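One structure is given here, and the rest of the page talks about it.
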Amino acid sequence: MIMQERALPKNFVWGAASSSFQIEGTIPGDGRGPSIWDDFCAQPGKILDGSNGLVACDHYRLWPRDVELLSQLGAKAYRFSVAWPRIFPEGRGVANAAGLDFYKKLVDGLLEKGITPWATLYHWDLPSTLEHKGGWRNRDTAYAFADYAAYFVEQMRDRVKHWITHNEPWCVAVLGHRTGEHAPGMKDPRAALEAAHHVLLSHGLAMQRIRALAPDAEAGITLNLNPSYPATPGKASDEEAARIFDGDFNRWYLDPVFRGSYPQDMMKHYEEQGVLGAKGWDFIQAGDLETMAQPNDFLGVNFYSRGVSGDRGPAEEAAKKDPLRYTGMGWEIYPQGLQDLFVRLAQDYPAKAYYITENGAAYDDQLTADRQVNDPHRLRYYALHLDQVAQVCARGIPLKGYFAWSILDNFEWAFGYEKRFGLVYVDYATQERIPKASFHWLKEVIAANKVFDVL
Ligand code: FCB
């Protein structure tokens with residue numbers, strides 16, 4: 001027994017999530033233009049298993065199967081992302097009718113099954129043409145994004161009523177431009193701040209366009225947030241490091257979106273670090289912060305783990321092999337952090353509604369001889385986190401829905417196909433889909449609208 005049974009609120013939105021580049025496949029011939037992730041995968045050594053997005057889950061062709069799986073799960077909503085280079089192969093200019101048609105069919109397929117589509121407009125597959133002009137370091141990309149968003153929303157507004165502008169600007173900025181682990185693979189901390197700025201600006205610009213075109217729709221942004229803790233509470237250097245972690249990971253995005261300002265302590269921190277160079281903050285123009293702070297209908301939160309600053313000692317290092325303590329990504333399992341995070345959000349960044357737009361775990365799944373997948377550790381991860389979700393709701397915090405990451409195993413970015421996050425196993429050799437034990441459990445949870453014990 002690890003937990004008591006807890007009910008979720010009536011009308012709680014149960015869903016699952018995915019993203020375009022991770023599942024669709026990029027087989028040429030349908031007018032899609034290349035994206036920075038195609039280019040990144042082509043560079044030797046960037047993707048752990050040397051793979052790419054060429055076939056992925058072949059969802060571009062097999063989507064009816066995947067809609068059927070969502071329906072079997074009992075999902076009320078499905079969060080997918082739109083590949084910008086399918087709509088505008090060159091980022092702007094002439095639209096590609098085949099790309100638009102694909103999303104229309106997908107959305108109609110979902111609606112037929114009573115599943116509400118939630119569309120994310122940017123989940124990292126920037127058209128390569130725009131990258132050649134400076135990508136997110138170039139202010140112009142923010143305007144190109146707003147134009148693409150407006151076009152897509154206008155085409156789809158009769159059937160899509162839930163819009164997410166961006167997925168995880170921190171990853172775009174930091175992994176893409178500071179650490180170089182993600183496309184476009186830069187290692188330039190100033191570029192990361194420029195990219196963050198233009199992504200957030202583009203969020204604000206797109207929100208204005210969505211409001212004008214689809215006043216009946218709900219729109220917001222998804223941030224990945226990691227609550228931050230000192231390794232040794234009370235130890236000054238750990239407390240300070242935890243503040244910086246929180247500033248860099250969470251507040252740098254939350255403050256502009258909710259308050260129309262960057263956190264002063266972090267501006268000072270980056271200046272002291274010499275990140276800005278001679279040009280200083282020249283990329284911030286008058287009015288930008290106001291534009292970023294458009295009223296949102298909801299905040300999407302992707303929650304996986306927490307940040308701990310300072311030395312945690314050798315025992316913690318050893319625990320990284322323990323699947324009850326760390327997932328297959330090496331991410332610490334800390335469900336309490338979910339509740340801590342929402343308590344803090346409700347206090348510091350009050351929103352009309354919050355949704356968990358991603359939560360889940362990778363483990364090294366094995367197919368049994370009778371083609372089943374028993375994934376007790378993932379199942380336990382979901383149970384422990386949903387238990388926290390129910391507690392957050394019980395506190396009266398408006399957490400209104402939960403999207404599991406992910407419906408399918410898929411292309412996990414720099415880890416290629418090595419890491420499996422799916423509720424459904426994908427046999428990449430045959431494209432067979434095999435629902436895992438966690439899928440069957442979650443299906444029961446959704447049907448009961450209650451989280452219950454897993455042991
Ligand atoms: C998030 C991404 C998503 C997936 C999960 C595991 O950062 O939004 O695409 O890779 O992590």
Side-chain angles (χ1 to χ4, degrees), residues 15-26 35-37 40-41 46-49 51-53 56-57 59 78-84 118-126 164-179 181-183 196 199 203 220-227 248-250 253 299-307 326-334 337-338 341 355-365 375 377-378 381-382 385 402-424 426 438:
S18 71
S19 91
S20 47
F21 192 80
Q22 293 179 276
I23 64 168
E24 285 178 2
T26 60
S35 80
I36 54 173
W37 272 93
F40 194 65
C41 292
K46 300 293 186 195
I47 311 298
L48 192 64
D49 58 2
S51 64
N52 55 44
C57 306
H59 172 80
Y78 173 51
R79 173 179 178 240
F80 62 96
S81 84
V82 182
W84 183 352
W118 284 58
T120 303
L121 291 162
Y122 187 76
H123 200 128
W124 309 350
D125 37 6
L126 183 74
I164 295 171
T165 54
H166 277 276
N167 179 68
E168 304 190 346
W170 178 90
C171 290
V172 176
V174 174
L175 301 181
H177 297 82
R178 192 203 285 168
T179 69
E181 291 158 84
H182 279 186
V199 166
H203 157 71
I221 189 170
T222 280
L223 302 178
N224 51 318
L225 300 174
N226 266 12
D248 187 69
F249 207 99
N250 303 316
Y253 304 88
L299 173 70
V301 175
N302 291 354
F303 179 86
Y304 288 96
S305 189
R306 66 164 169 171
Y326 283 80
T327 72
M329 295 297 281
W331 297 347
E332 187 189 358
I333 302 170
Y334 192 69
L338 188 150
L341 172 66
Y355 290 88
I356 292 182
T357 40
E358 288 181 25
N359 176 241
Y363 281 104
D364 188 13
D365 300 315
D375 57 343
H377 295 125
R378 179 176 297 102
Y381 180 98
Y382 275 125
H385 286 80
Y402 175 95
F403 292 79
W405 183 272
S406 176
I407 183 64
L408 299 175
D409 288 340
N410 58 49
F411 175 78
E412 179 46 36
W413 308 113
F415 296 90
Y417 298 96
E418 298 276 297
K419 302 291 178 195
R420 294 179 176 270
F421 270 93
L423 290 163
V424 176
V426 176
S438 55

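Each ligand, and each atom within it, is numbered from 1 in the order the structure gives. Please read these numbers as outputs of a predicted model, since none were measured by experiment.
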Please state which protein non-hydrogen atom is closest to atom 1 (C) of ligand 1 and give its distance, to 0.1 Å?
Glu358 OE1, 3.1 Å
Establish, yes or no, whether a centroid distance under 6.0 Å links the rings of Phe411 and Tyr417.
yes
Can you check whether Tyr381 and His377 have ring centres sitting under 6.0 Å from each other?
no
Suppose we measure from atom 5 (C) of ligand 1 to each protein heavy atom; which comes out shortest, and what is that distance?
Tyr304 OH, 3.2 Å
Salt-bridge test for Arg378 and Asp365: reply yes if a basic N is under 4.0 Å from a carboxylate O, no otherwise.
yes
Does Met329 have a heavy atom less than 4.0 Å from any atom of ligand 1?
no
Donor on one side chain, acceptor on other, Tyr78 and Ser18, under 3.5 Å:
yes
May I ask you to identify the nearest protein heavy atom to atom 7 (O) of ligand 1, giving residue, atom name and distance to one decimal place in Å?
Glu168 OE1, 2.5 Å
Hey, are the side chains of Tyr402 and Tyr382 touching, using non-hydrogen atoms and a 4.5 Å cut-off?
yes
Counting both backbone and side chain atoms, is some N or O of Trp124 under 3.5 Å from an N or O of ligand 1?
no
Within ligand 1, which atoms have a heavy atom of Trp413 less than 4.0 Å away?
3 (C), 4 (C), 9 (O), 10 (O)
Looking only at heavy atoms, is any part of Asn167 under 4.0 Å from ligand 1, and if so is it the side chain, the backbone, or both, or is it neither?
side chain
What about Gln22: any of its N or O atoms under 3.5 Å from an N or O on ligand 1?
yes
List the residues meeting side chain to side chain donor-acceptor pair (under 3.5 Å) with Glu358, not counting sequence neighbours, and say none if there are none.
Arg79, Asn302, Tyr304
Could you list the residues that satisfy side chain to side chain donor-acceptor pair (under 3.5 Å) with Asp248, not counting sequence neighbours?
Arg178, Tyr270
Below 4.0 angstrom from a heavy atom of His123, which ligand 1 atoms are there? Numbered from 1 as shown, please.
2 (C), 3 (C), 8 (O), 9 (O)
Students should be able to answer this: which protein heavy-atom is nearest to atom 10 (O) of ligand 1, and at what distance?
Glu412 OE1, 2.8 Å
